[in-house]
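As structure tokens, the structure follows; a few thoughts come after it.
Order of listing sets the numbers, starting from 1, for every ligand and every atom in it. In what follows, every heavy atom counts, from backbone to side chain, and hydrogens, waters and symmetry copies are set aside. Values in this document were obtained by computation on a predicted structure and should not be read as measured data.
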Amino acid sequence: MNIILLGPPGAGKGTQARMLVEKRGMVQLSTGDMLRAARTSGTEMGKRVAEVMDRGELVTDDIVIGLIGEALDDAAASGGVIFDGFPRTLAQADALGALLSDKGLALDAVIELRVDDDTLVERITGRFTCGNCGEVYHDRTKPTRVEGQCDVCGSTDLRRRADDNEESLRQRLMEYYKKTSPLIGYYHAKGALNVIDGLAPVADVEASIAAVLDA
Ligand code: AP5
């Protein structure tokens, strides 16, 4: 199955994608992760990407479409692809449709994780991630069992993202409502949209997604 996880920053897309990878052998294609890798590469493109991300704005469509196009070549052979954070504009949605059809693939479901803005601020400002294995934590709702050490891989490289502050988040939310939320109508019109309560506990959200995928 090939699915899109759609939702504002902090909705839980990355958290759920990691669980789908672990339990269903799907491949997660996160444009946010790809861009974070690009920004640490030290290239001119990486520096431009870093500035845009830190301001909370969207990177240009041609860059992210190019990244997804390359990654999809390898991922297409897997048991299914999770598009996490892509598409984010109508142009990206059209490009994804064309990329999938070129490869003879279909989009099986779009899952919108719906969460209110106050919860997003709380989630984003408390988030930290393992720099080694990518496990996602939260200061209050999901702390590590041993302070300063990842539960999954034992690494002490726990990081906070440069754009996980209230100012960047305000801009990221603005970008979401202006440029990404029109995709809700776009995929609804295609009969692909499934709306899930992203405010529910992680396990309940996981069960709701499973119900969609197994239907
Ligand atoms: P990206 O990395 O995609 O970030 P995002 O969409 O802003 O989403 P997040 O990763 O912040 O949140 P999430 O929904 O994955 O939540 P998570 O599971 O971590 O993009 C970053 C930037 O890159 C963009 O601003 C843009 O500049 C650029 N970019 C990326 N893609 C692009 C594209 N296609 N086009 C152009 N530019 C692009 O959860 C958050 C926290 O909440 C965690 O602490 C977690 O533990 C907790 N949590 C999760 N679920 C629950 C739950 N159910 N209950 C309680 N706590 C929960």
Would you find a donor on one side and an acceptor on the other, under 3.5 Å apart, between the side chain of K142 and the backbone of R127? no
Is [X] in polar range of ligand 1, meaning some N or O pair under 3.5 Å apart?
X    : value
L199 : no
G14  : yes
S30  : no
A11  : yes
A200 : yes
V205 : no

Measuring from [atom], which candidate in [options] has the nearest non-hydrogen atom?
atom                    : options               : result
atom 36 (C) of ligand 1 : V115, T129, V59       : V59
atom 41 (C) of ligand 1 : Q171, E135, R123      : R123
atom 8 (O) of ligand 1  : E51, K13, H138        : K13
atom 21 (C) of ligand 1 : R161, E206, R140, E57 : R161
atom 3 (O) of ligand 1  : M34, Q16, R127, R88   : R88

What is the nearest protein non-hydrogen atom to [atom], stated with its residue, atom name and distance?
atom                    : result
atom 43 (C) of ligand 1 : V136 CG1, 3.5 Å
atom 12 (O) of ligand 1 : G10 N, 2.8 Å
atom 29 (N) of ligand 1 : L35 CD1, 3.3 Å
atom 31 (N) of ligand 1 : T31 OG1, 2.8 Å

[X]: heavy atom below 4.0 Å from ligand 1, yes or no?
X    : value
G7   : no
R36  : yes
G126 : no

Side-chain donor-acceptor pairs of residues 24-35 under 3.5 Å, sequence neighbours excluded:
from	atom 1	to	atom 2	distance (Å)
R24	NH1	D214	OD1	3.0
R24	NH2	D214	OD1	3.2
R24	NH2	D214	OD2	3.1
Q28	NE2	D84	OD2	2.8
S30	OG	G32	N	3.4
S30	OG	D33	N	3.0
T31	OG1	G85	O	3.0
D33	OD1	R36	NH2	2.9

Looking just at side-chain N and O atoms, do S155 and D157 make a donor-acceptor pair shorter than 3.5 Å?
no
**Asked** Quick one: do R88 and D61 make a salt bridge, cutoff under 4.0 Å?
**Response** no
Does some side-chain heavy atom of D151 sit less than 4.5 Å from a side-chain heavy atom of E135?
no
Next item on the list: Could you check if a side-chain atom of V110 sits within less than 4.5 angstrom of a side-chain atom of F83, using non-hydrogen atoms only?
Entry: no
Q) Within 45° of the ring axis of Y176 and under 6.0 Å from its six-membered ring centre, is that where the NZ or CZ of K178 lies? A) no
Sequence neighbours excluded, the answer for side-chain contact (heavy atoms from CB on, under 4.5 Å) partners of A162 is R39, D54
